[in-house]
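The next block holds one structure in the form of structure tokens; read it before the comments.
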Amino acid sequence: MHVFQRRYNMSALIKEIKKMEAGPQLVTAEGWVRTKRDSKTVCFIELNDGTCLKGLQVVADKEKFDNNLLSSISTGASIVCEGTLTESLGSDQAVELSASKITLLGEAPESYPLQKKRHTLEYLREIAHLRPRTNTIGAVARVRSTMAYAVHKFFQENGFYYVNTPLITASDAEGAGQMFQVTTFDLDNIPKTEEGKIDYSKDFFGKKTNLTVSGQLEGETYATALRNIYTFGPTFRAENSNTKRHLAEFWMIEPEMSFCTLEGDMEIAQNFLQYIFKYTLEHCEEDMDFFSKFVEPGVKDTIIHVSESPFVHMTYTEAIKELEKSKDKFDYKPFWGCDIQTEHERFLAEEICKSPVIVTDYPKEIKSFYMKLNEDGKTVRAMDVLVPRLGEIIGGSEREAGLDLLQQRMKELGLREEDYWWYLDLRRFGSVPHSGFGLGFERAVQYVTGMQNIRDVIPYPRAVKQADF
RNA sequence: UCCCUUGUAGCUCAGUCGGUAGAGCGGGUGGCUGUUAACCACUAGGUCGGCGGUUCGAGUCCGUCCGGGGGAGCCA
């Protein structure tokens with residue numbers, strides 16, 4: 001990126017101005033006032049436009065400016081400053097803007113909710129429309145955007161096509177949790193059949209529909225046509241879960257690869273995570289330093305380490321053996337066949353492996369119907385990527401490619417074949433081994449930034465009893 | 001949904017054994033100063049989350065409802 005390049009009618013971004021050298025040319029800076037400090041003859045304004053963490057110091061000689069103008073420039077006000085860049089006498093910045101002209105665009109009276117002091121993240125959630133103007137949420141927003149770009153960049157550069165799977169779905173049986181129903185019915189006057197049941201034939205789609213809980217099944221259809229695809233879009237879960245790592249509306253990334261077995265799946269998952277981590281470290285250095293200093297001490301070093309070291313591999317059976325050695329530490333005693341609890345996941349990643357770990361070959365009973373059965377008849381070709389601090393960040397598998405085996409599995413679980421006719425067609429016509437995984441985007445942002453609560457890494461969190469703004 | 005915890009000034013919190021409230025920051029005013037979480041002084045600002053109960057008296061004890069946080073389950 002060229003620092004001096006002008007875009008459309010925009011003046012230079014503050015992140016670019018800060019990299020310029022002192023000189024006689026006029027520079028214009030626009031932004032919001034973070035804080036103002038007065039001295040006898042000069043006034044210091046820290047101006048931030050959100051393009052970087054630390055703002056530009058604007059220095060206004062009090063003799064040159066109307067006192068009313070300077071006094072109305074308070075924290076939160078929006079201003080335009082024109083002047084020349086000079087070498088700063090202060091030690092916290094290389095250059096500063098010596099203002100020759102300041103225009104107040106919008107004042108911010110004392111009722112402005114953001115003070116020039118630390119606020120709790122809980123309070124900031126109540127003013128979600130203003131919180132991106134804070135250091136922390138601004139940094140999260142920049143990192144989130146950078147990570148989203150890295151996601152596309154990784155897949156686009158590695159032979160994947162971006163597929164948009166539907167958000168509204170008629171398949172009610174994906175089994176991945178409670179769904180939000182979509183209807184245009186007047187809920188006070190719902191059409192009923194003669195038997196008194198809801199008459200969905202009169203609803204908008206002529207059948208019962210919900211918001212998607214996963215684009216995977218539709219993703220598989222495009223993977224078995226374009227070879228490698230990925231989805232990256234919103235996902236909805238109506239579960240009544242109240243935790244710091246669940247949302248009712250979140251963004252999920254789901255790659256799906258044809259002619260790919262579980263081994264390839266694991267390799268891509270690791271390379272993918274490491275790529276977006278490295279890309280973010282490279283492009284968000286200032287923000288990562290901030291997170292590492294104030295949000296989660298050492299998170300930057302952790303991400304550097306994780307982006308360079310191979311992940312540990314372990315089968316479910318091996319993982320249970322390891323957990324049984326320390327069973328006294330757990331509320332839920334581990335045994336072969338049990339679900340791996342959050343406490344187990346974290347112990348595996350944090351204590352046993354001290355790094356991300358990929359656990360594979362889970363008992364079929366605790367995994368989804370579409371996962372490929374191993375030859376032992378008991379386990380499936382599933383993999384979960386567990387990371388320290390968070391637990392599961394990726395869940396994936398090699399898909400069952402055999403029609404008979406898939407039909408048998410669905411029968412065992414009471415799934416109706418007619419609901420999945422098109423999914424089964426993929427096994428009827430040109431079936432191939434294929435694999436994929438799902439990554440919760442917000443969880444990845446949490447992991448990279450060290451933010452404790454998922455509601456602080458998405459602009460407007462939707463959760464149980466929470467849909468403001 | 002369950003368990004724990006919390007709700008006091010604009011924000012963050014203190015408030016002892018039940019006797020109707022304090023600090024820091026922020027705001028305002030004044031002072032000082034090339035400042036950078038600026039500093040110093042003064043000042044304004046409160047239905048103590050709502051409702052009900054116990055008591056001579058409730059921020060404090062009890063019940064209940066609502067909101068916040070943490071943990072669990074479910075999962076991404």
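Just so it is clear: chains get the letters A, B, ... in the order the sequence lines come, proteins before strands, and each one is counted from 1. Because only heavy atoms are used, hydrogens play no part in the values below, and waters and symmetry mates are left out as well, while side chains stay in.
For A:Lys327, the NZ atom counts as loosely surrounded, since its 6.0 Å shell holds 12 or fewer non-hydrogen atoms of other residues, nucleotides or ligands.
Taking atom NZ on A:Lys293 and atom C1' on B:A37, their separation rounds to 12 Å, with Å as the unit. The NE2 atom of A:His344 sits 16 Å away from the C1' atom of B:C75 (whole-angstrom rounding). What separates OH of A:Tyr112 from C1' of B:C25 is a distance of 17 Å, to the nearest Å. As rounded to whole Å, 11 Å separates atom P of B:G71 from atom CG of A:Leu390. Atom CG in A:Leu124 sits about 12 Å away from atom P in B:G69, given to the nearest Å. Nucleotide B:G69 holds its C1' atom 12 Å from the CG atom of A:Leu121, rounded to whole Å. Whole-Å rounding puts the A:Phe441 CZ to B:C75 C1' distance at 19 Å. Atom-to-atom, CD of A:Glu249 to P of B:C75 comes out at 21 Å; the value is rounded to the nearest Å.
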**Q.** side chain to side chain donor-acceptor pair (under 3.5 Å) between A:Gln446 and A:Glu442, intermediate numbers included
**A.** CA-CA 6 Å; A:Gln446 263 190 289; A:Glu442 284 77 15; over 6 Å; no
Q.
A:Gln93 vs A:Lys54, test: side-chain contact (heavy atoms from CB on, under 4.5 Å). Steps then yes/no.
A. CA-CA 9 Å; A:Gln93 57 276 321; A:Lys54 189 163 186 341; 4.0 Å; yes
Q: Determine, stepwise, if the pair A:Tyr332 / A:His344 fulfils ring pair (Phe, Tyr, Trp, His ring centres under 6.0 Å).
A: CA-CA 9 Å; A:Tyr332 292 86; A:His344 302 148; 7.3 Å; no
Q. A:Asn374 and A:Lys364: side-chain contact (heavy atoms from CB on, under 4.5 Å), yes or no, with the steps?
A. CA-CA 9 Å; A:Asn374 273 315; A:Lys364 65 178 178 182; over 6 Å; no
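Of all heavy-atom pairs spanning A:Asp456 and A:Arg131, the tightest one is OD1-NH1, 3.2 Å. Minimum heavy-atom separation, A:Glu285 to A:Lys300: CG-NZ, 4.0 Å.
Between A:Tyr423 and A:Tyr370, the angle of the ring planes goes over 60°, which puts this pair in the perpendicular group of the 30/60° scheme. Ring-plane geometry between A:Tyr279 and A:Tyr275 is classed as parallel, the angle between the planes falling under 30 degrees on a 0 to 90 degree scale with a further cut at 60. In this structure, A:Phe437 and A:Phe272 have tilted ring planes: the angle between them lies in the 30° to 60° band. Using the six-membered ring where Trp is involved, A:Phe154 and A:Phe160 have ring planes that are tilted, between 30° and 60° apart.
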Q: Indicate for each nucleotide in nucleotides 9-14 of chain B, in 5' to 3' sequence, whether protein heavy atoms under 4.0 Å reach the base (B), only the sugar-phosphate (S), or nothing (-).
A: -BBS--
Q. Reading nucleotides 40-48 of chain B 5' to 3', which nucleotides get B (base under 4.0 Å from a protein heavy atom), which S (sugar-phosphate only), which -?
A. ---------
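Using atom C1' as the reference point in both B:U43 and B:U47, the two lie 24 Å apart (nearest Å). Between the C1' atoms of B:G59 and B:A21, the separation comes to 8 Å (whole Å). Between B:A14 and B:G7, the distance separating the two C1' atoms is 15 Å to the nearest Å. Across the C1' atoms, B:U12 and B:G50 are found 24 Å apart, a figure rounded to whole Å. Using atom C1' as the reference point in both B:G68 and B:G30, the two lie 40 Å apart (nearest Å). With P as the reference atom, B:C61 and B:A72 are 29 Å apart, rounded to whole Å. Nucleotides B:G73 and B:U54 are separated by 43 Å at their P atoms, to the nearest Å. Rounded to whole Å, the P atom of B:G15 lies 26 Å from the corresponding atom of B:G57.
Closest approach to the A:Asp92 side chain among B:U1, B:G69, B:A37 is made by B:A37 (side chain taken as heavy atoms from C-beta onward). The listed nucleotides are B:A72, B:G34, B:U36; the one nearest the side chain of A:Gln341 is B:A72. Here the side chain of A:Glu96 is nearest to one of B:G34, B:G71, B:U1, namely B:G34. Considering only the side chain of A:Gln466, B:G68 comes nearest among B:U1, B:G68, B:G34.
Residue-level contact check: A:Ile393 touches the backbone only, with heavy atoms under 4.0 Å from sugar-phosphate atoms and none from bases. Nucleic acid contact for A:Tyr332: sugar-phosphate only, since backbone atoms but no base atoms lie under 4.0 Å from a heavy atom of the residue. Counting any heavy atom pair closer than 4.0 Å across all strands shown, A:Glu343 reaches no nucleic acid atom. Using a 4.0 Å heavy-atom cutoff across all strands shown, A:Thr235 reaches no nucleic acid atom at all. Using a 4.0 Å heavy-atom cutoff across all strands shown, A:Glu392 reaches sugar-phosphate atoms only and no base atom.
In this structure a side-chain-to-backbone donor-acceptor pair under 3.5 Å is present from A:Lys36 to A:Ile73. One N or O on the side chain of A:Ser258 and one on the backbone of A:Ala223 form a donor-acceptor pair closer than 3.5 Å.
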(Q) Can you give me the dot-bracket string for RNA chain B, 5' to 3', counting Watson-Crick and G-U wobble pairs with both distances under 3.5 Å, using [ ] for crossing pairs and | for partners on another strand? (A) (((((((..((((.....[..)))).(((((.......))))).....(((((..]....))))))))))))....
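At the phosphate of B:U36, neither OP1 nor OP2 sits under 4.0 Å from any side-chain N or O atom of A:Arg37. For the OP1/OP2 pair of B:C74 and a distance below 4.0 Å, the side-chain nitrogens and oxygens of A:Thr243 include no atom meeting the criterion. Look at A:Asn453 and you'll find a side-chain N or O under 4.0 angstrom from OP1 or OP2 of B:G70. Here A:Lys244 does not reach the OP1 or OP2 of B:G70: none of its side-chain N or O atoms lies under 4.0 Å away.
At a threshold of 4.0 Å, the pair A:Arg144-A:Asp287 does not count as salt-bridged, since none of the basic side-chain nitrogens sits closer than that to a carboxylate oxygen. A salt bridge links A:Arg399 with A:Glu256: at least one charged nitrogen is closer than 4.0 Å to a carboxylate oxygen.
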Between the protein and nucleotides 27-29 of chain B, list the N/O to N/O atom pairs that are separated by less than 3.5 angstrom.
unit_1, atom_1, unit_2, atom_2, d
B:G27, O2', A:Glu110, OE1, 3.1
B:G27, O2', A:Glu110, OE2, 3.3

Quick one: which protein N/O atoms are closer than 3.5 Å to N/O atoms of nucleotides 31-33 of chain B? Pair and distance per line, please.
unit_1, atom_1, unit_2, atom_2, d
B:U33, N3, A:Asp38, O, 3.2
B:U33, O4, A:Ser39, O, 3.4
B:U33, O4, A:Lys40, N, 3.2

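In this model, a donor atom of one side chain and an acceptor atom of the other lie less than 3.5 Å apart for A:Glu254 and A:Ser214. Judged by distance alone, the side chains of A:Thr231 and A:Thr165 never bring a donor and an acceptor atom under 3.5 Å apart.
In terms of the side chain to side chain contact (heavy atoms under 4.5 Å, CB included) criterion, residue partners of A:Ala319 (sequence neighbours excluded) are, by chain and number, A:Met314, A:Leu348, A:Val359.
Ring centroids of A:Phe232 and A:Phe155 are separated by 6.0 Å or more, keeping the two rings apart.
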